[in-house]
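Heads up, the thing below is written out as structure tokens.
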Amino acid sequence: MKKLLFIFSTLSAGIFFSCNREALNKTPLNIISDANVWNDPALINAYLTQIYFDMPVLGNDCSGNGWSGDAVWYAFDVNDVSDECFPQWRDWKPSTAYLYKYGNLNISGGLLDWWGYGTVREINQFIEHIPTTPLTAAQKSSMLAEARFLRAFAYFSMVKRYGGIPLITKVQNLTDPDSTLYPARATEQRIYDFIISEMDTCAAALPDVVSADQMGHPSKYAALALQGRAALYAGSIAQFGTVQLNGVVGIPANLANAYYQKSYTASQAIINSGKYALYALDADKTTNFRNIFLVKNNSEVIFCKKHDANNEFTGGNGWCVDFFNCPRPQAWSRGLYDQAYLELAESFEHIDGTPGTLDRTAIQQGLYSIDSIWANKDPRFYATFYTQGTAWKGSTLDFHAGLRLPDGSIQTSGTYNGISATGDQDFQGTGIGVLKYLDESHDNMAGANSGWPTSAQDWLIFRYAEILLNDAEAAFELGNTAEALNAVNQVRSRAGIVPLTTITRDTIHHERKVELAFEGQRYWDVRRWRTATSDLSVRWSGIRYILDAASGKYQIQIIDDVDGSSNIPQFRQENYYLPITIARTANNPKLVENPGY
Amino acid sequence: MKLTILICFATFLHASASSYAQKITLNVKNAPLDKVLEDLSQQSGYHFLYDEQLLSQGSPVTLDIKNAPVEAALNACFATQPFSYVLRYNNVILTAKPRASSESTIGRSVVAGLVTDDQNQPIAGVSVTIKGTERGVTTDKSGRFSIVVTATDTILEFSSVSYTSKEIRISGRTSINVSLTPKANSLNDIVVVGYGTQKKGTITGSISSVKTEDITAAPVASTINSLAGRLPGLISQQTSGQPGADQASISIRGYGSAIWIVDGVESDFNNIDPNEIESISILKDGAASIYGSRAGNGVVLVTTKRGKAEKPEINFNSSYTLQDNTYMAQPVSSAEYAQLENELYTNQGKPAPYTQDQINKYATGTDPAYPNTNWEKVATKPFASQTNQNLSVRGGTENIKYFGFFGYLDQNPIWRENGGGYKRYNVQSNLDARISDNLSIQLDISDVAEYKSQPNRGEGAGINTLWQDLWNSLPIYPSKFPDPTYNSYANGQGVGSIALISNEDIAGFDNVNSENLKGTFGAVYKFKPVSGLSAKAFINYNKISSTEKYFVKPYSFYTYDYSSQQYTLAGALGTQAQLTYNENSAENIDRQFSLNYDHSFGSDHHVTALALYEAIDYSTTFLTAARTNFLTEDIQELYAGAVQTSSANSSATQMGRASYVGRVNYSYKNKYLLESIFRADASAEFPPEHRWGYFPSFSAGWRMDQENFLQRKTWVDEVKVRASYGSSGIDNVGNFQYLTGYTFGGQWLFGTSTSLGIASTGLANPNLTWEKVTIYDAGTDFSFLKRKIFGTIDVFHRNLTGIPATRILTLPSTFGATLPQENLNSLSNRGFELSLGTSGNWGRLNYSISANLAWARAKWGHYEEPVYTDPNQKRIYQLSGQWTDVTFGYKSNGVFTSQQEIDALKFQYPGGNAQLKPGDVKYADVNNDGVLDWKDQVKIGKGTIPEWTTGATITLKYQDFDLQGLLQGAFGYYSNVNLQLGGINFSQVIYNQRWTPETNKASAGVPRLGGANTNTLFSDFYYKKAGYLRLKALALGYNLPHHLLSGHGIKNVRIYIAGTNLLTLNPLAKYKLDPEAPSGNAGYYYPQQRTLSAGLNLNF
């Protein structure tokens, strides 16, 4: 009896007194403390790495974040909303940004949205902490410059979307005065000036050359390239845009030349450095042009987002271009996500410089061989698109959408004399796929490569051809047509098409459209030139190849309104700037909404 | 026949000669026969051999003998028994008396008597039957009965719906008076409350409870699904029928997810077999405060069965169930598909893909190149089976009581071939032992093993699931080819067809095997010197572990050309298999130490008190490993994958809580009841200075029926009014937010090597603490006219403050950091519950009917949001001060039926009016500003959670038949019935309800296919009012007559048929949509199941 009581009491007392401290003395098991980070070079590097990761805009202006950046369709959004192409996974309508193309961009935003103040804060934090770290002075200086480069890149990504935005260069604290915490939008000019002046500083501190094992970090010339592109944008906005909201959007016209001059100087510095050259290692011009995007670290690459073939979803660095854009067969019977408009394909001239436009009436009558339809095009055409008859993995692609029988009727299913009525590609879209950036050796059907983000091609953020075209455009606007003509012709010669003899604003714009197609440039270009309202509000077309069973030639059908008759592409005046959106303006009255929303 | 040998070991060794002369002394009064035999055996050293069945027919013994010879004692003992004995050496063998030659020779006699309740009031309508026969009578208005018996009729059975049945041995008497104790829902019923039990009559809080017999009426896999409609104030929505994942979401009064306490410990509840459960109580008001920081959303208490000091009772239940979909839209035929595709293309200005000739061929179906495949029928079965078996043993003596349970469930999915399924084993052993007069212990062990398997695409709701694959399989492809080794392609958007992807043997599987092991040790010590004082120590260990095996197999699919007899590869899903293993484990250790005090001071004052200390440790670990590029898909273990593709990862968490609890109940003259609770809780996830939360609660009750002015009124059974105030908290507000730091984040490639990034966990908030809850509740419980009318009414109001939210008002988005959560938002819930019932007898029919109705709604107090200045933003977006379940959208008015109608529009659609054609949705420019935009959104309905819930149970008993029915309903909610989420095939519903130029109906349920983008604007076109009343469960049982069973050792045999979801009144039926379907996922989720079961209960 006494014994039982004793046992019971001991047991209870044990439970009672041991628990409290034990139960409450718990810590989270996966956190690295703040103090550790700034004392450990490895963790400081990791912090910087995270900044890159938090800038999906480095991968073709992706609006997703983290793993949902260029691992998925965001990688193509900016191309899809331009006049280059549209996405053709038709059952995926709701998940793609292209709906916005048809007049649905409103105050709720959603298109290409990137409000990068989280990243800006992260960078400001880094900049403020770097002086206190145990790094060497040289390390501190180059890391600071790198962080400032990324911050300028972030601001450039935002200013081209929204116009003037709050300029925040210090870490904000909860205790800061309201005037700091509730910033007004700076003028668009102020943001461009900030980017341009920051790049002066960064160019001085960043290394001339980035070694191969550090590729992906910016060099001095990456800073100059950013400066050149930003100044060019500022120049054209000043020249073609209107100042509204007291300069929050728009830049005074009288500043145009100063910006063009700044851009020109930056491009000249890169050109004259002699460190870069147009890629020209392959004799075949088509192969050569394709290899610009496939050969790693070639002479044309100034700054890029590196990729490897490991699935990004599982810790690798691949992206999704091959999975999305390749021809069939493909792991999900998909591929052909982006399909180019016929108009873009026509923009590519013939090799002799004559326009590439099809005679739409003539071409729809009679029978043609593929060679005769797409004969003598600019070699960049064959390197940028694939369509009926394009060679691919030892075979040719088959887009034919029907079979023309001897009686003239068209069969669309089954077979006729052993010939299938339709090809194995997606013949219901535009009929033209996007070859640029595709790696023919990538097998989407096999093992580890069959995941989405497994493409290893580096994404070229700045390449030398763009610098030449920037140079040409700035020189032209400054009146230096000789320099402009020279720069454009360098690009054309490398491409393998006859040089121009005269230069106009239109030919410069046209050359950009062709050379830089599907590189995320076109949408921003037509915006800054203020030509988007006419260039993008167009019903586009596609092509159908009907195979003539007897001759093996093709009857051509042009599909007008390939987007669908209800879906009329529209770029409205207000769309020159994306909406700030209600969510952001509502909690800061000083953040005025862009005009027209 | 079960034989028992009663041996007294103490005397056995020297028994034979010496003990024969033993004299017996025995003085017992009405002692059970088996006790007396035990005594005799001990004193005599004789062994007794008997059939237990026979012995159970024996009657109590009254003897007073001193120093009598053994044989005399035996004779005296067996004189009144229905059996005799034989003496062989020192063995006593019991034998049945020779049976009387015929009944007619035995005299008949009449037994009469009175049946009363525990307050000596007569009960009418009690059925009195002779056990083992079908003969019986019922009591009259004054509770009297009389029945003719023969000498062989030994036992009378008294039964009634509202009272516990009783069996009385006649033993030659002609007058028998019986007192019955009332059953469930009555005052002496024991109700489980926090850390203890109370009599229902003395409860002052708002508590509802159900008993095992209610939740086991119809076999269901998930216990939760048997609760809907039975407990007023419990809001339940079953949004899936997936085996192993079909449990309804439950919330008490719409508060949010409640905590489940199983046998005193926070537990996962869903996988417990309903047959293990004794009772379930829900604590809805301040009564829940005893669980402090975890109790803010109410508490559900589950108690499993325990042993009883009775003869062992063995129960065996077995049932077989067939399940089919309640509602599921059917796909269109191939001809209809071709027709719809033509419409879609034509509407988009494109050439129609099918000729009329082709459509005709699809329709006639004679040409094999033009098949018509219903993939839903190909891939799914009309009925899926489910079997349940369980066996339990319950019994014990005063010193040792035991309950043992073993259950097995096997539930098949609707997929026709190898579609996985759900298996479950439940084992439970509850032991109570009295070690001494002062000390008793309990030792409980339970284990639930679950095996859940599904095709690896998953069966959840939404896109990228089997449901999308189902709607992506087109009827224009054949399901089989002449050569069956080729898989048929049906588009399926990359997966081939639903028949392939839903087959685990072809596409791979997702297996989750989990185990929930629980062990409890408890000890209660009674302090003899202080009457009513006891101490209890309690420790529970719980480990939940699961292993997930996710295996993906590659496969290819083909098309076939009938004219050329050629197979063409249409695509493939991968080329090599891959496998991922995920190991999860969670461990909780819960320790409680308490002092209990229960004492009456004089006759008027009764006090019970509880002081308790509790500490809980939680920890979890996670480990994953994977490989791809398998050498062969036949080996389904990691070693068969390519080494260079290996990957692994792990993580862990820990947490802890400590609490002090006090409760005092005081009643004066059993009339005035007071309860006060105080709990202090600390959680490790908050900073030390904000760790403790204090939660008091008070409640009072007045039993008016105990007052003199009512006590004399015979029509009053019970009238009680009660009121409570309670405070509690919710600590599920994010882990360790007071600490800041970094976790490993993303990665980036520099050169050729991957660098890892570290991401900030965000700003810390050292002030984050509990959400605080206060609940006011007032209610009444009443019963009149011997439970002809009884019921409960409750009204409540709850305030929830300190809901964590991110402060956005003070800091704009340019601040750049994830702002820490703060205790900012507040919410208030209000509502009422009403339950009414009646019970009694109508002739020999016993009935009990009760119905309940509840209403609950919540309103935001403060909701952290921008200060909207635009009146439209304020109207549409502002939540502060608004009901939580208001939905905004565009106002529609059917579809356009003519171009004139469009031309006459006085406003512009987004994207312009040029895109509009007849058949597009017609919206209203509500504010008449000439533009259709976000400002035109108005309230188009309530939320998707029901505001009104109702239920009714009906229990009928007629002789050997019993019937239980449960009606359940919910109203005041909406559902998004958008019928095409993204699949490329169409449903019959779309076919029948779509707009076409021919029908040109403004009221078409589906706008023209491929119409304007604006057709998908969120509007009342698709957001429809829902509500339903359904026959949730119905069970009809038949108890085999006892005379068929006697002599087989079987006490009772009941066979039954039962069903769930048998009938539904449903406004969404026209969309082929279950009313509980997840809003916005029409056709894209595992449909709710209707079940039909046949079962057998055996009782030994």
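The shown structure was predicted, so the numbers you read here are calculated from the model rather than taken from an experiment. Sequence lines set the chain letters: A, B, ... in the order given, protein chains first and strands last, and positions in each chain run from 1.
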**A:Ile51 and B:Trp748: CA distance, side-chain angles, deciding distance, side-chain contact (heavy atoms from CB on, under 4.5 Å) verdict** = CA-CA 9 Å; A:Ile51 295 172; B:Trp748 200 262; over 6 Å; no
**Item:** Heavy-atom check, side chain of B:Thr814 versus side chain of A:Trp115, under 4.5 Å
**Value:** yes
**Request:** Any chance you could lay out the side-chain contact (heavy atoms from CB on, under 4.5 Å) test for B:Phe750 and A:Leu48, step after step, and finish with the verdict?
**Result:** CA-CA 12 Å; B:Phe750 294 111; A:Leu48 187 62; over 6 Å; no
**Complete:** Under 4.5 Å to a heavy atom of chain A? For B:Ser755 that would be both
**Complete:** Turns out that what part of A:Val562 lies under 4.5 Å from chain B's heavy atoms comes down to backbone
**Asked** If you tally heavy-atom pairs under 4.5 Å against chain A, which of B:Pro554, B:Ala642, B:Ala684 wins?
**Response** B:Ala684
**A:Asn317-B:Thr754 side chain donor-acceptor pair, cut-off 3.5 Å** = yes
**Message:** Can you give me the closest heavy-atom contact between B:Pro812 and A:Tyr182, atom names plus distance?
**Reply:** CG-CD2, 3.9 Å
**Item:** Pairwise side-chain contact, B:Phe736 with A:Thr27, heavy-atom cut-off 4.5 Å (strictly under)
**Value:** no
**Request:** Could you grab the distance from atom OH of A:Tyr102 to atom OG1 of B:Thr1014, nearest 0.5 Å is fine?
**Result:** 14.5 Å
**Asked** Heavy-atom distance under 4.5 Å to chain B: side chain of A:Val37, backbone, both or neither?
**Response** side chain
**Request:** State, to 0.1 Å, how close A:Lys306 and B:Gly751 come at their nearest heavy-atom pair, and which atoms those are.
**Result:** CE-O, 3.2 Å
**Request:** Quick one: which of B:Pro910, B:Ala817, B:Ala577 has the most heavy-atom pairs under 4.5 Å with chain A, could you say?
**Result:** B:Ala817
**Message:** Heavy-atom pairs under 4.5 Å with chain B: which of A:Thr119, A:Ile559, A:Leu43, A:Val120 has the most?
**Reply:** A:Leu43
**Complete:** Ranking B:Gly496, B:Gly757, B:Ser760 by heavy-atom pairs under 4.5 Å to chain A gives rank one to B:Gly757
**Request:** Please state whether the side chain, the backbone, both or neither of B:Tyr562 comes within less than 4.5 Å of a heavy atom of chain A.
**Result:** neither
**Fill in**
Applying a strict 4.5 Å limit to non-hydrogen atoms, the region of A:Ile31 in contact with chain B is both
**Prompt:** chain A heavy atoms under 4.5 Å from B:Gln654: which part of the residue, side chain, backbone, both or neither?
**Reply:** both
**Message:** Is B:Ile758 close to chain A through its backbone or its side chain, or both, or neither, when contacts mean heavy atoms under 4.5 Å?
**Reply:** both
**Message:** As an exercise, state the distance from CG of B:Asn1013 to NZ of A:Lys101, rounded to the nearest 0.5 Å.
**Reply:** 12.5 Å
**Message:** Quick check on B:Ser683 against chain A: is it the side chain, the backbone, both or neither that has a heavy atom closer than 4.5 Å?
**Reply:** backbone
**Request:** Answer with side chain, backbone, both or neither: which region of A:Ile165 has an atom nearer than 4.5 Å to a non-hydrogen atom of chain B?
**Result:** neither
**Other residues, nucleotides, ligands: >12 heavy atoms within 6.0 Å of B:Lys874 NZ** = no
**Asked** Do A:Ser108 and B:Trp934 have side-chain atoms, one donor and one acceptor, less than 3.5 Å apart?
**Response** no
**Message:** If I take atom CG from residue A:Leu29 and atom OG1 from residue B:Thr621, how far apart are they, to the nearest 0.5 angstrom?
**Reply:** 10.5 Å
**Complete:** Between the CG atom in B:Asp870 and the CD1 atom in A:Ile582, the distance rounded to the nearest 0.5 Å is 7.5 Å
**Asked** Which one of A:Gly103, A:Ala46, A:Gly418, A:Gly216 has the most heavy-atom pairs closer than 4.5 Å to chain B?
**Response** A:Ala46
**Message:** If I measure from the heavy atoms of chain A, does B:Tyr909 come under 4.5 Å with its side chain, its backbone, both, or neither?
**Reply:** neither
**Atom pair OG (B:Ser619) and NZ (A:Lys26), whose distance is rounded to the nearest 0.5 Å** = 7.5 Å
**Complete:** If one checks every heavy atom of B:Ile589 against chain A at 4.5 Å, the contacting part turns out to be neither
**Request:** For B:Gln358 and A:Thr412, work out which heavy atoms get closest and say how close.
**Result:** NE2-OG1, 4.4 Å
**Message:** If you count heavy-atom pairs within less than 4.5 Å of chain A, which of B:Ala369, B:Ala652, B:Ser563, B:Pro353 leads?
**Reply:** B:Ala652
**Asked** For A:Gln172, is it the side chain, the backbone, both, or neither that has a heavy atom closer than 4.5 Å to a heavy atom of chain B?
**Response** both
**Option that, when pairs with chain B are counted at under 4.5 Å, heavy atom only, ranks first among A:Gln214, A:Gln570, A:Arg584, A:His217** = A:His217
**Asked** Is there side-chain contact between B:Phe815 and A:Leu174, with at least one heavy-atom pair below 4.5 Å?
**Response** yes
**Prompt:** Where does A:Ser420 contact chain B at under 4.5 Å (heavy atoms): side chain, backbone, both or neither?
**Reply:** neither
**Portion of A:Ile44 that has a non-hydrogen atom of chain B nearer than 4.5 angstrom** = neither
**Asked** A:Pro28 and B:Leu739: which non-hydrogen atoms are nearest, and at how many Å?
**Response** CD-CD1, 3.3 Å
**Item:** A:Pro166 versus chain B, the contacting section by heavy-atom distance below 4.5 Å
**Value:** side chain
**Request:** Of all the heavy-atom pairs spanning B:Asp617 and A:Ala23, show the shortest one and how long it is.
**Result:** OD1-CA, 3.3 Å
**Prompt:** Using a cut-off of under 4.5 Å for heavy-atom pairs, which of A:Thr415, A:Ile32, A:Asn106 has the most such pairs with chain B?
**Reply:** A:Ile32
**Item:** Top contributor to chain B contacts, counting heavy-atom pairs under 4.5 Å, from A:Lys296, A:Lys305, A:Glu122
**Value:** A:Lys305
**Message:** Within this structure, what is the CG-CE distance for the pair A:Leu24 and B:Met655, rounded to the nearest 0.5 Å?
**Reply:** 9.0 Å
**Request:** Return the option, out of B:Ser753, B:Ala626, B:Gly816, B:Ser647, with the maximum number of heavy-atom pairs under 4.5 Å with chain A.
**Result:** B:Gly816
**Request:** Give the member of A:Asn310, A:Asn173, A:Asn297, A:Thr585 that has the highest number of heavy-atom pairs under 4.5 Å with chain B.
**Result:** A:Asn173
**Message:** Between B:Gln747 (side chain only) and A:Gly316 (backbone N and O only), is there a donor and an acceptor less than 3.5 Å apart?
**Reply:** yes
